[in-house]
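Worksheet for the structure shown next.
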Amino acid sequence: MSSILDRLNDRQKEAVLKTEGPLLILAGAGSGKTRVITNRIAYMIQEKGVYPGQILAITFTNKAASEMRERQEKMLGMALRGAWICTFHSCCVRILRMHADKVGYNTNFTIYDADDQKTVIKNICKKFDIDTKQFKEKWFLGQISSAKDELIDVDQFERNASGDYYLERVAKVYREYQKELIRNNAMDFDDLIVKTVELFRKNPDVLAMFQERFRYISVDEYQDTNTAQFVFVGLLAKKYRNICVVGDDDQSIYKFRGANIENILNFEKVFPDAAVIRLEQNYRSTKTILNAANAVISNNTNRKAKTLWTDAEEGEKVRLFYVENPYMEADRVIAVIRKYLHDGYPLNSCACLYRTNAQSRALEEAFIRANIPYKIVGGVNFYQRKEIKDILAYLKTIDNGSDDVAVKRIINVPKRGIGASSVNLVQHFADERGISFYSALDTGLTEGIFGKAGEKLRSFRDLIEELRRDAEESSVKALIEQVLDKSGYMMELQAEQTVEAQTRIENIEELVNKAAAYDDSFQEPGRSADGEEPQDEFLMVQDHATLSGFLEEVSLIADIDSWDGAEDYVSLITIHSAKGLEFDNVFLCGMEDGLFPMNAAICSDDPGDLEEERRLAYVGITRAKKHLVLTASKTRMVRGETMVSALSRFVREIPPMILENDRDNLYIKTGSADREAPSKSASKVKLSDKPYLFASEKKQFEVKNQAGLGYGVGDRVSHIKFGEGIVTAIDAGGKDFEVTVDFEDFGVKKMFASFAKLEKL
DNA sequence: CCTACTACGCTTTTT
DNA sequence: GCGTAGTAGG
C-alpha cells in the first residue's frame with residue numbers, strides 16, 4: 001500500500017483513497033491526473049479487493065487508453081484481465097456488438113465515417129430535390145450531429161422544428177438519414193453513444209447487467225464529454241454511484257463538437273454528495289511558463305477559480321519571434337531547434353504546435369530543407385486515403401452486404417464496366433422490393449432481370465461470393481491479399497507505373513501489416529479470453545480475430561493514436577491533437593489575430609467562442625516543460641490571398657516582463673539571408689507523399705546496412721529539395737549513414753541517409 | 001462508359 | 001493554392 005501512496009501529494013492521496021461514492025477531480029494542466037487515476041485503480045485492486053472486471057475507465061483517445069492500461073499493468077505487475085479501459089466510442093461499440101438487435105440493428109453493424117455520412121446525405125438531397133448548393137450536406141450533418149450530442153431524436157427534433165421552415169427540412173432529412181442508416185445496418189459516430197443510451201433506457205435488464213458489472217467507473221478528460229456521453233455514464237453509475245470524473249474546465253476545447261462544460265457543474269447536481277478535489281500543483285512546467293499560462297487564462301470570465309502553482313525553477317523567459325512571412329517564421333523555428341539540439345536535447349523533446357493543419361506546409365518545407373527529422377501528426381488521415389477506403393469497402397461488403405455505401409463504392413473499382421446506369425438499374429429494383437442494394441443485385445441476377453448489364457454484375461457478385469468463402473477460413477491479412485489479387489486492384493496499380501501508384505501500394509502494404517498485427521494480437525496472452533473468469537464470459541465479445549473486429553478497430557482510430565513519443569523526431573501537430581502530450585521545448589506557431597484566435601471567434605456574437613480559443617492557447621502553453629517559443633508572421637497566404645495581421649491578443653496577454661522579443665537576437669542568425677516568399681523560378685519543394693506515418697514505420701529513420709541504401713559513392717542521386725547530384729562520401733554514423741552529396745544547384749550537402757531519402761538515378 | 005477539364009469550395013479543431 | 005466533384009466530349 002505504501003508504494004502506491006508514497007510519491008503523491010496530499011491532494012492526490014485524498015483522491016486515491018476516496019474510492020467509494022461520486023468524486024469530481026478538478027485537475028489543472030500537468031497536475032498529475034493520469035498518475036492519480038492509475039494509482040487510484042491500483043489502490044482499489046490491491047487494497048480494497050476490487051476485482052478488475054468491475055472496473056471501467058474511459059479515456060479520450062485510444063492512445064490514452066492503451067497507455068493507461070500499460071502503466072496500470074506495470075504498476076500492478078500483472079495483466080488487467082477483464083477491466084475495460086477504452087474510449088467512449090469503443091466502449092459503446094463493445095456493448096452494442098452484444099445488444100444492437102434490441103435497437104433495430106444487426107450486431108455486425110458497420111461504422112460510418114464523415115465521407116460515408118456525406119454520401120448518404122447527398123443521396124437523400126437528391127431524392128428530396130434539395131439544392132446542395134443552397135443547403136450543404138455538411139450543414140445537415142452538423143445539425144444532425146448537434147442534435148445527437150444532446151440526445152434529441154428525430155421525433156423530438158421534429159416537434160421542436162415545427163413552424164420553422166429550415167428546421168422542418170432538416171427534420172425530414174434527419175428522419176430519412178436514420179432510416180437509411182438502419183437499412184444499411186450502419187451507425188455514425190454519434191449513434192454509437194445515442195444507441196447505447198437508447199438500449200439502456202429501453203432495456204432495464206441490460207442496463208442492470210452492466211451496472212452490476214461496472215461498479216467502479218472513471219472518466220478522464222471529463223470536460224470534453226457531451227450530453228449524450230454524460231447521460232451514458234450517469235446511467236451506468238446510477239446503481240453503485242462509484243464514479244470518478246477528472247477534468248479541467250480550462251482545457252475544454254471541444255465545445256464545437258458538442259462538449260458541454262456544464263457537465264462539470266451538472267455533476268454536482270446529479271450527484272449532490274460528490275466530493276470535489278482540486279489538484280493545483282503543477283509538476284510539468286517552469287514558473288515562467290506557468291505564469292504565462294495563468295496570465296492568459298485569467299482573461300476568461302466563465303471558469304472555475306483555480307490557481308496553478310509550482311515548486312519548479314523560474315526558467316527562461318518566453319521567446320517571441322514576430323517576422324515578415326511564414327518562411328522566415330519556419331526558419332526561426334529551425335534555428336532555435338538547432339540550438340536546443342546543440343544543447344543536448346533530443347529531437348523528440350521539440351514540438352511545433354499550430355492552430356490549423358494548413359500551417360504545417362511551410363514548416364514541413366523548412367524541416368526538409370534543414371534535413372531535420374520531423375513527423376506531421378494528423379493531417380490527412382491514413383484511413384481516409386482513397387486506396388485504403390477502397391480496400392475497406394471490399395472488406396465491409398464481404399462482412400456486411402447490407403452496407404450499400406460500401407458496395408457502391410467498389411462495384412466498379414477497379415473498372416469492370418458497371419457504370420451509373422447499371423447501378424441505377426439495381427438501385428431501382430432494390431427500392432421496389434425494399435431490400436438492400438446487394439441483395440437486389442443477387443436476387444435480380446437469379447431472376448435474370450438485368451438484361452445486358454447482367455453479365456458484368458454477375459461477375460462482380462461471383463467475386464464477392466468467392467471472397468466471402470475465403471473469409472470463412474483465412475486470417476484478415478490473407479483475406480486482404482485475396483481481395484487485392486482477385487479484384488485486380490493490385491494489378492491495376494502495378495500497371496500504372498507512377499510514383500503515386502507506388503505510394504498507394506505502400507499504403508496498402510501498411511494496411512496489410514496492420515491486419516497482420518491485428519491477427520497476431522489474439523495469439524498473445526492478455527487479449528485472448530482463455531482463463532477468463534466465468535462471469536466475464538457473456539461480456540467478452542472478441543476472443544479471436546474476426547473481420548468485423550478488424551473493421552471496428554480501424555474505424556475508431558484517431559490520428560493522435562499513431563503518435564509515438566519514444567521515436568526521435570520533431571512533432572508537428574495541431575494544438576487540439578497535442579492535448580495530453582508534453583514536451584521540453586514547445587513552439588507555438590502562427591500567433592496572429594485572425595488565425596489564433598481565428599476571425600470567426602473574434603467576430604462571433606458569442607463571447608464564449610473567443611474564450612474557447614483562449615483555452616486552446618492555454619492548452620498550447622501548458623504543453624511546455626522547459627522552453628516556450630512563440631512565433632508569428634506579419635503576412636500569410638490565406639486562400640491564395642496575402643493577409644496582414646497583428647500579433648495575437650493572447651501573446652499580448654502575457655506579461656512583458658517574462659517575454660523576450662527575439663526578433664533581432666543575434667544567436668539566431670542562420671548564416672543565410674532572410675527569405676522572401678520563394679520566387680517562381682525557385683524549384684517547388686515537393687512535400688512528402690505520406691506525411692502521415694504509422695508509429696510502426698520505424699524503418700523511416702533506420703537503415704540496416706549500407707547495401708540497403710541502394711546507391712554508393714559516385715552514384716548519381718536525386719533529392720526531394722536539392723535536385724540531382726553525385727554522392728561523394730558515405731560515413732557510418734551512430735545509428736545511420738551520413739551521406740555527402742555534391743548537388744548541381746545547391747553545392748555540397750551532408751545528410752542522414754534514412755531521412756534524406758535519396759533516390760538513385 | 002470512360003477520360004479530361006473546369007469550377008468551386010475550402011480552412012478550425014476530431015471520436 | 002489545392003483537391004475534389006461534376007460535366008462534357010469522345
Side-chain angles (χ1 to χ4, degrees), chain A residues 58-65 86-93 111-115 117-119 122 126 132-133 136-139 142 145 148-149 187-194 221 224-226 228-229 252-259 353-362 377-381 383-386 412-424 452-453 456 500 552 555-561 573-580 590 594-602 604 609 612-613 615-617 619-620 636-643 677 684 687:
Chain A
I58 298 178
T59 60
F60 196 59
T61 63
N62 294 306
K63 174 149 191 74
C86 49
T87 64
F88 273 106
H89 296 270
S90 59
C91 174
C92 288
V93 169
I111 301 165
Y112 274 5
D113 67 12
D115 278 354
Q117 291 178 289
K118 204 176 155 197
T119 309
K122 194 183 283 172
K126 212 173 276 168
T132 51
K133 288 206 174 112
K136 303 206 183 71
E137 294 95 334
K138 268 189 138 176
W139 181 72
S145 178
K148 288 179 177 177
D149 287 343
M187 295 192 201
D188 62 24
F189 281 119
D190 302 316
D191 280 336
L192 297 177
I193 317 290
V194 172
E221 307 283 12
D224 289 326
T225 54
N226 61 33
Q229 291 162 339
S252 164
I253 54 174
Y254 285 106
K255 196 172 127 205
F256 71 93
R257 71 168 196 219
L353 314 191
Y354 37 79
R355 178 66 238 262
T356 66
N357 276 312
Q359 290 166 254
S360 66
R361 281 186 166 269
V377 183
V380 183
N381 192 321
Y383 290 100
Q384 275 166 253
R385 284 161 194 267
K386 224 183 222 95
N412 201 30
V413 179
K415 303 262 157 28
R416 44 175 81 87
I418 305 174
S421 52
S422 304
V423 170
N424 283 338
K452 219 172 71 190
K456 294 185 169 152
E500 287 76 23
E552 174 183 313
S555 61
L556 293 175
I557 283 178
D559 291 337
I560 184 62
D561 296 336
I573 189 168
T574 63
I575 305 173
H576 278 92
S577 300
K579 195 178 70 158
L595 180 65
F596 189 26
M598 300 205 77
N599 261 323
I602 295 172
S604 168
D609 289 348
E612 174 139 324
E613 294 275 313
R615 289 193 293 271
L616 194 55
V619 168
R636 193 176 290 276
M637 285 282 261
V638 180
R639 271 170 301 172
E641 268 182 297
T642 304
M643 306 288 291
K684 271 202 170 172
L687 296 182

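Protein chains get the first letters and strands the later ones, always in sequence-line order, with residue 1 at the start of each.
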For nucleotides 3-10 of chain C, tabulate all protein N/O to nucleotide N/O atom pairs closer than 3.5 Å, reporting atom names and distance.
| residue | atom | partner | partner atom | Å |
| --- | --- | --- | --- | --- |
| C:dG6 | OP1 | A:Lys122 | NZ | 3.3 |

So, using ring pair (Phe, Tyr, Trp, His ring centres under 6.0 Å) as the criterion, who are the partners of A:Phe60 when residues are at least two apart?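 Testing A:Phe60 for ring pair (Phe, Tyr, Trp, His ring centres under 6.0 Å), a comparison that skips the adjacent residues, returns A:Tyr254.
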
- ring pair (Phe, Tyr, Trp, His ring centres under 6.0 Å) with A:Phe596: which residues, sequence neighbours excluded?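 A:Phe596 satisfies ring pair (Phe, Tyr, Trp, His ring centres under 6.0 Å) with A:Phe650 only.
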
message = Run the salt bridge (charged side-chain N to carboxylate O under 4.0 Å, His left out) test against A:Glu221 and tell me which residues pass, sequence neighbours left out.
response =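 A:Glu221 satisfies salt bridge (charged side-chain N to carboxylate O under 4.0 Å, His left out) with A:Lys33, A:Lys579 once adjacent residues are dropped.
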
#### Entry: Under the salt bridge (charged side-chain N to carboxylate O under 4.0 Å, His left out) test, residues paired with A:Arg636 that sit two or more places apart
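Here the qualifying residues are A:Glu329, A:Glu592.
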
- Task: Determine, step by step, whether A:Thr574 and A:Asn357 satisfy the side-chain contact (heavy atoms from CB on, under 4.5 Å) criterion, reporting the C-alpha distance in whole Å, the side-chain angles of both residues, the deciding distance to 0.1 Å, and the verdict.
- Result: CA-CA 6 Å; A:Thr574 63; A:Asn357 276 312; 3.3 Å; yes

Set of side-chain contact (heavy atoms from CB on, under 4.5 Å) partners for [X], sequence neighbours left out:
{"X": "A:Ala362", "answer": "A:Pro326"}
{"X": "A:Asp188", "answer": "A:Gln117, A:Lys148, A:Tyr177, A:Leu181, A:Asp190, A:Asp191"}
{"X": "A:Ser422", "answer": "A:Ile418, A:Ala453"}
{"X": "A:Ser360", "answer": "A:Tyr354, A:Ile376"}

Mind listing the N/O atom pairs, protein and nucleotides 1-5 of chain B, below 3.5 Å?
| residue | atom | partner | partner atom | Å |
| --- | --- | --- | --- | --- |
| B:dC1 | OP1 | A:Gly419 | N | 3.1 |
| B:dC1 | OP1 | A:Ser421 | OG | 3.3 |
| B:dC1 | OP1 | A:Ser422 | OG | 3.1 |
| B:dC1 | OP2 | A:Ser421 | OG | 2.5 |
| B:dC2 | OP1 | A:Gly417 | N | 3.3 |
| B:dC2 | OP2 | A:Asn412 | ND2 | 3.3 |

On DNA chain B, does the nearest nucleotide to A:Lys136 precede the nearest nucleotide to A:Arg257 from the 5' side, or the other way round? Give the residue.
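It is A:Lys136 whose nearest nucleotide is closer to the 5' end.
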
Same-atom distance (P) from C:dT4 to B:dT13, integer angstrom
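Taking atom P in both C:dT4 and B:dT13, they lie 16 Å apart.
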
Phosphate oxygens OP1/OP2 of B:dT14: is one of them under 4.0 Å from a side-chain N or O of A:Ser577?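 For A:Ser577, the contact criterion (side-chain N or O under 4.0 Å from OP1 or OP2 of B:dT14) is met.
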
- Below 4.0 angstrom from OP1 or OP2 of B:dT14, is there any side-chain N or O of A:Thr574?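 Yes, A:Thr574 has a side-chain N/O under 4.0 Å of OP1/OP2 on B:dT14.
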
Under 5.5 Å and under 30°: A:Tyr254 stacked on B:dT13:
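Ring-base stacking flag not set for A:Tyr254 and B:dT13.
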
Measure the distance from [atom1] on [X] to [atom2] on [N] and round it to the nearest whole Å.
{"X": "A:Glu613", "N": "B:dT13", "atom1": "CD", "atom2": "C1'", "value": "9 Å"}
{"X": "A:Phe596", "N": "B:dT11", "atom1": "CZ", "atom2": "P", "value": "18 Å"}
{"X": "A:Asp190", "N": "B:dT14", "atom1": "CG", "atom2": "P", "value": "16 Å"}
{"X": "A:Asn62", "N": "B:dT15", "atom1": "CG", "atom2": "C1'", "value": "9 Å"}
{"X": "A:Lys138", "N": "B:dG9", "atom1": "NZ", "atom2": "P", "value": "12 Å"}
{"X": "A:Gln359", "N": "C:dG1", "atom1": "CD", "atom2": "C1'", "value": "16 Å"}
{"X": "A:Ile58", "N": "B:dT15", "atom1": "CD1", "atom2": "C1'", "value": "13 Å"}
{"X": "A:His576", "N": "B:dT13", "atom1": "NE2", "atom2": "P", "value": "9 Å"}

Check your understanding: Do you know which two heavy atoms are closest between A:Thr87 and A:Asn62, and how far apart they sit?
Key ->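 The answer is CG2-N, 3.5 Å.
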
- Task: Could you tell me which residues satisfy side chain to side chain donor-acceptor pair (under 3.5 Å) with A:Thr119, sequence neighbours excluded, listed by chain and number?
- Result: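 Checked A:Thr119 against side chain to side chain donor-acceptor pair (under 3.5 Å); zero matches.
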
Provide a list of protein-nucleic acid N or O atom pairs under 3.5 angstrom, restricted to nucleotides 6-8 of chain B.
none

Please work out if A:Phe88 contacts a base, only the sugar-phosphate, or nothing of the nucleic acid, heavy-atom cut-off 4.0 Å.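 Answer is nothing: A:Phe88 stays at 4.0 Å or more from every strand.
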
Are A:Arg361 and A:Met637 side-chain neighbours, meaning at least one heavy-atom pair lies under 4.5 Å?
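With C-beta onward as the side chain, the pair stays apart.
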
